[in-house]
Amino acid sequence: MTELPKHFDPAAIETRWYGHWEEEGLFRPERDDCEPFTIVNPPPNVTGSLHIGHALDNTLQDILVRHQRMLGKDALWVVGTDHAGIATQMVVERQLNEQQQKRTDFSREEFIEKVWQWKEESGGEITGQLRRLGCSMDWSNERFTMDEGFTKAVTKVFVDLYNDGLIYRDKRLVNWDPGLKTAISDLEVENSETNGHFWHFSYPLEDGSGAISVATTRPETMLADMAVAVHPSDERYADMVGKNVRLPITGRLVPIITDDHADPELGSGAVKITPGHDFNDFDVGKRAGFKPAEMLNMLDADAKVCQTTDGLIPDELIGMDRFDARKKVVELIDAAGLLEQVEDRVIVTPYGDRSNVVIEPWLTDQWYVDAEKLAVEPMAKVRSGEIDIVPKSWEKTFFNWMENIQPWCVSRQLWWGHRIPAWYGDNGEVYVAADEVEAQAKAGEGVSLTQDEDVLDTWFSSGLWPFATLGWPEETDDLKRHYPNNVLISGFDILFFWDARMMMQGLHLMGEVPFHTLYLHGLVRAADGQKMSKSKGNTVDPLGLIDQYGADALRFFMAAMESQGRDIKMDEKRVEGYRNFATKLWNAARFCQSNGIGASTTLAAPKATLPVNRWIISETVTTLNALNKALDDLRFDGAADAVYHFVWDKFCDWYLELIKPEMDGDGAEECRQVAGWVLDQILVMLHPFMPFITEELWHAMGERSYDIIVAKWPNPRADVDAEAASEIGWLIKLIGDTRTARAELNIPPGAKLTVHVRDASDGTLERLERQSAALARVGRIENVSTDVPPEGSAAQIPVDEATYVLPLEGVIDLDAEKARLAKALEAAEKEVASLDKRLSNPQFVEKAKPEAVDKARADHAEKTAEAERLRAALERLG
RNA sequence: GGGUGCGUAGCUCAGUGGGAGAGCACUGCCUUCACACGGCAGGGGUCGCUGGUUCAAUCCCAGCCGCACCCA
């Protein structure tokens, strides 16, 4: 036993224990013969630093892993980082900008080399921060999505999916990010409402017989208009269909066509069609018989106006930025007298989630994954329950997305990432192969090949995380043991990005689900309920909280606040409260130390005869059951709550107080045994939540043959002792009611009282005798007398069948005591009346569950008796 | 427009078909030999609104109001 410092200083113990665990390999002890338990960590961006969401996500995972490790399982928590294509490339490009350089000043190889350098220098920040949080990951197998092995896996997946017909190259509209100059997937587009306009143009008919009015929110796209569409049933335009319109500015002749897409209710009912620059129009264009390759394109990669293939855009517009072009087009149309009207209108505008620039639908060749086919199995597995989504409410969202899933654009026009393993021959033939040699073999000798310039979407590779981290495609032992993973914990915000894709890829490539349970937690919000964001400046730094309150307190906060399905609002006072909780435990341990209470040596509860010891063992069992259930159900809040209240309310507030008077008597040794055992159970039960303080106290309490991180989960082999529970329950009520009376009657808390008991049963008299020491010390009741209490003013406290009388002649205010009793009587009578009403209702007695009726009757009897005793007490006071 | 979730004590949140709980904050008392990051006691809620089902609704159903988020 090492004496604990008076003050608990989290910082002093955290780094020490973390280093010890990691050096000793305790995060992954050798347990090849044990049942495996596996979690993979959502790989944070290598560019990232720990934010509060990571703190939540990783705390929850660590709780599960530490718990499972203590259950004796071969618990593996896979960890690593994600190369985060766009984000990382942006970081390095920004650094180059600071030195007046840009990416294109370098060759691709040179630039990638610079990214690797950056990764070596600062890529480890977040992994260090995860350590500060106390996460017990298997660092010995830390992975990175750009590692050689992982890259091989990514390449193989691409080739396999291509060979299976699940990846293909296609020319269609993509979401083009003109800021980053890459395609992005539809998930990476954020739509938001902005104030815009609805411009009404008049398009003259070719034959001079009139004009047709069209309206648009994006006037500049008229430079690439290829048709005007009206609804087939719209009689207003029936005789115009088939005629041509001569477009203003370009003079292009385009047909008036019919298509269901035209909404007769909207504007004039006629709509301009720009297949190359609008997703709806693309479909209309295809229906009208335009092939994608024929669709006119008027924008370059920077979203500046470029010449269409028909050469009809006036020179003055070429090279203009899209927003300048918008103004210019409106100006020109207005000048031609064809601008009919301009309406203000709120329009939904797509933005790139990284670049925050307006996304442009753009016609390009990209690689697509046939997500619709891959979505079939995941949906089946969720329906069958083989994958359990927790909380269940997310299933609907999951199905809704999966059922309407679009082809997944996976190519990105970046340099940093997994380069697409596709080679093109001189005439554009495609050879998809693991490497150039294979591609050449496919192409045949003499064909000169160039590799696709693009890289893959980062999520394409992170979707392989549950198995590629375990060595896939090699059939490693780890892979066999740890796939499928048990649980996957992630924020709901990456349900589609990542979770669903793991299911698709895992099921297709491994033939088995990637995990059996998918637990989705919410967001951590700022104290005012707003989403935290760097731009708003309302982020809370978890490391700052750790500095201030300790990692254990932050972790406990995260667990306690994590009720399934709700976002967590940051509440620093609550983190402080859990720091106080840690201090409370610390001080309880100090008390134990100073009373010769030390480490226990048995897993089973010690034999005990004293009611207080039998009671606390029962309470330990009850708490353990509640904790086990909560952990099984993934109710982190319930788990935290169970331990918290046991430690504070039961162990500290009552048990330790109640054994104080025993410590120099015959029961002392038994109390030491039991107290030491209970404290050990507390440390073990609390360890998944508060790993640092529990490890510190574990060792401080005595010599241990192993660390708590690998200790066994409690198994008390004891039952709840109803008799002891009843006696200590009675004792607590008696002391509690006495204290209440004292406080209300302004009796000095320290005053030692004599109590006269009336109407007590033999059993109660025995209890009074047995608990006399506790009553004296904790309740400040020095003497219990069965003599008739002296006349005069007295406080009267009914507990069960007996009434306890505190003669307080001259000490208390008689009126105050009368008022106190009257208030209690009123409360009791109110309850009696309410129960009366219920019981006198024949419907209730007939139809209610028998237990409910029994309980009502019992409550009625009890409350009636209590009211009677209070009435008697009042009468005695006159 | 479609969907989801939420609305419970001043604040942050649990909760269940049988009469409402926690933490913090608040009030009073206590420097009692583990702990003032503490102890003891206490006040505080027509459980968003309106109907319905039920012997019984904060809980189930419907509608409404308000607040978030997702999809189009």
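Every chain is numbered from 1, with letters handed out A, B, ... down the list of sequences. Every value quoted in this text rests on a predicted model; they were computed, and no experiment measured them.
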Are any non-hydrogen side-chain atoms of [X] and [Y] less than 4.5 angstrom apart?
X       : Y       : answer
I489(A) : D57(A)  : yes
L585(A) : F651(A) : no
D9(A)   : I13(A)  : no

In whole Å, what separates the [atom1] atom of [N] from that of [M]?
N      : M      : atom1 : value
U58(B) : G21(B) : C1'   : 12 Å
C40(B) : C47(B) : P     : 31 Å
U16(B) : G10(B) : C1'   : 25 Å
U50(B) : A57(B) : C1'   : 14 Å
G45(B) : U12(B) : C1'   : 16 Å
A41(B) : C24(B) : P     : 14 Å
A68(B) : C13(B) : P     : 14 Å
U8(B)  : G48(B) : P     : 6 Å

Please report the shortest heavy-atom distance between [X] and [Y], naming the atom on each side.
X       : Y       : result
P407(A) : R172(A) : CG-NH1, 3.5 Å
E572(A) : Q548(A) : OE2-OE1, 3.4 Å
L745(A) : E817(A) : CD1-OE1, 3.1 Å
A553(A) : R579(A) : CB-N, 3.5 Å
N538(A) : K531(A) : ND2-O, 3.2 Å

How long is the line joining [atom1] of [X] and [atom2] of [N], in whole Å?
X       : N      : atom1 : atom2 : result
D493(A) : C71(B) : CG    : P     : 11 Å
R857(A) : G18(B) : CZ    : C1'   : 14 Å
R525(A) : A68(B) : CZ    : C1'   : 7 Å

Original post:
Heavy-atom contacts under 4.0 Å between residues 573-581 of chain A and RNA chain B, which residues?
Top reply: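 By residue number: K573(A), R574(A), R579(A), N580(A).
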
Subject >> Close residues, residues 185-196 of chain A, relative to RNA chain B [heavy-atom separation under 4.0 Å] >> reply: none

Original post:
Base, sugar-phosphate, or nothing for M561(A), non-hydrogen atoms under 4.0 angstrom?
Top reply: sugar-phosphate

Original post:
With a cut-off of under 6.0 Å to the ring centre and 45° to the axis, is R555(A) in cation-pi contact with F689(A)?
Top reply: no

**OP:** Determine, for Y644(A) and K584(A), whether the Lys NZ or Arg CZ falls below 6.0 Å from the six-membered ring centre while staying within 45 degrees of the axis.
**Re:**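 Pair K584(A)/Y644(A) does not count as cation-pi.
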
So, OP1 or OP2 of [N]: does either fall under 4.0 Å of a side-chain N or O from [X]?
X       : N      : result
W648(A) : G39(B) : yes
K396(A) : G3(B)  : no
S563(A) : A14(B) : yes
T740(A) : C40(B) : no

Measure all distances between protein nitrogen or oxygen atoms and nitrogen or oxygen atoms of nucleotides 58-60 of chain B, and list the pairs falling under 3.5 Å.
none

Every protein N/O within reach of nucleotides 55-57 of chain B N/O, cut-off under 3.5 Å:
{"residue": "C55(B)", "atom": "OP1", "partner": "K847(A)", "partner atom": "NZ", "Å": "2.3"}
{"residue": "C55(B)", "atom": "O2'", "partner": "N841(A)", "partner atom": "ND2", "Å": "2.9"}

Subject >> Pairing residues for W730(A) by the ring-ring contact (aromatic ring centres under 6.0 Å, His included) criterion, not counting sequence neighbours >> reply: none

Subject >> Value rounded to 0.5 Å, distance of CG in L775(A) from CG in L753(A) >> reply: 11.5 Å

**OP:** Look up atom OG1 in T738(A) and atom CZ in R780(A), then write down how far apart they are to the nearest 0.5 Å.
**Re:**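 It is 13.0 Å, given to the nearest 0.5 Å.
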
**OP:** Report the residue (D571(A) or D859(A)) whose heavy-atom-nearest nucleotide on RNA chain B is the more 5′ of the two.
**Re:** D571(A)

Subject >> Pairwise 5' ranking along RNA chain B for R635(A) and D641(A), keeping only the more 5' one >> reply: R635(A)

For [X] and [Y], indicate whether the former's side chain and the latter's backbone hold a donor-acceptor pair under 3.5 Å.
X       : Y       : answer
W586(A) : P5(A)   : yes
D259(A) : H261(A) : yes
S834(A) : K830(A) : no
Q681(A) : W677(A) : yes
D552(A) : P10(A)  : no

Show which side-chain atoms of residues 627-642 of chain A pair as donor or acceptor with protein atoms under 3.5 Å away, not counting sequence neighbours.
{"residue": "N628(A)", "atom": "OD1", "partner": "W713(A)", "partner atom": "NE1", "Å": "2.8"}
{"residue": "N628(A)", "atom": "ND2", "partner": "L624(A)", "partner atom": "O", "Å": "3.4"}
{"residue": "K629(A)", "atom": "NZ", "partner": "D633(A)", "partner atom": "OD2", "Å": "2.5"}
{"residue": "R635(A)", "atom": "NE", "partner": "D637(A)", "partner atom": "OD1", "Å": "3.1"}
{"residue": "R635(A)", "atom": "NH2", "partner": "D637(A)", "partner atom": "OD1", "Å": "3.3"}
{"residue": "R635(A)", "atom": "NH2", "partner": "D637(A)", "partner atom": "OD2", "Å": "2.8"}
{"residue": "D641(A)", "atom": "OD1", "partner": "H645(A)", "partner atom": "ND1", "Å": "3.2"}

Original post:
Hey, where does RNA chain B pair up into stems, meaning at least three consecutive Watson-Crick or G-U pairs with distances under 3.5 Å?
Top reply: B:1-7 with B:65-71, B:10-13 with B:21-24, B:26-30 with B:38-42, B:48-52 with B:60-64

**OP:** Provide the full list of salt bridge (charged side-chain N to carboxylate O under 4.0 Å, His left out) pairs with a residue in residues 732-742 of chain A, sequence neighbours left out, each pair given once.
**Re:** K733(A)-D737(A)

**OP:** Kindly point out which of U32(B), G18(B), C13(B) is positioned nearest to the side chain of A852(A)?
**Re:** G18(B)

Only distances under 3.5 Å count here; give the side-chain donor-acceptor pairs of residues 842-863 of chain A to other protein atoms, sequence neighbours excluded, each with its distance to 0.1 Å.
{"residue": "K855(A)", "atom": "NZ", "partner": "D859(A)", "partner atom": "OD2", "Å": "2.9"}
{"residue": "H860(A)", "atom": "NE2", "partner": "D836(A)", "partner atom": "OD1", "Å": "2.9"}

Collect all protein-nucleotide pairs involving nucleotides 26-28 of chain B in which both atoms are nitrogen or oxygen and the distance is under 3.5 Å.
none

Hey, can you pull the donor-acceptor pairs under 3.5 Å for the side chains in residues 389-400 of chain A, sequence neighbours left out?
{"residue": "K392(A)", "atom": "NZ", "partner": "E395(A)", "partner atom": "OE2", "Å": "3.3"}
{"residue": "N400(A)", "atom": "OD1", "partner": "N404(A)", "partner atom": "ND2", "Å": "3.4"}

Between the protein and nucleotides 34-36 of chain B, list every N/O to N/O distance that falls short of 3.5 Å.
{"residue": "A34(B)", "atom": "O2'", "partner": "N587(A)", "partner atom": "OD1", "Å": "3.3"}
{"residue": "A34(B)", "atom": "O2'", "partner": "R590(A)", "partner atom": "NH1", "Å": "2.9"}
{"residue": "A34(B)", "atom": "N7", "partner": "K660(A)", "partner atom": "NZ", "Å": "3.3"}
{"residue": "A34(B)", "atom": "N6", "partner": "C652(A)", "partner atom": "O", "Å": "3.2"}
{"residue": "A34(B)", "atom": "N6", "partner": "E657(A)", "partner atom": "OE2", "Å": "3.1"}
{"residue": "A34(B)", "atom": "N3", "partner": "N587(A)", "partner atom": "O", "Å": "3.1"}
{"residue": "A34(B)", "atom": "N3", "partner": "A588(A)", "partner atom": "N", "Å": "3.2"}
{"residue": "C35(B)", "atom": "O4'", "partner": "N587(A)", "partner atom": "OD1", "Å": "3.4"}
{"residue": "C35(B)", "atom": "O4'", "partner": "N587(A)", "partner atom": "ND2", "Å": "3.4"}
{"residue": "C35(B)", "atom": "O2'", "partner": "N587(A)", "partner atom": "ND2", "Å": "3.1"}
{"residue": "C35(B)", "atom": "O2", "partner": "K584(A)", "partner atom": "NZ", "Å": "2.9"}
{"residue": "C35(B)", "atom": "N3", "partner": "K584(A)", "partner atom": "NZ", "Å": "2.9"}

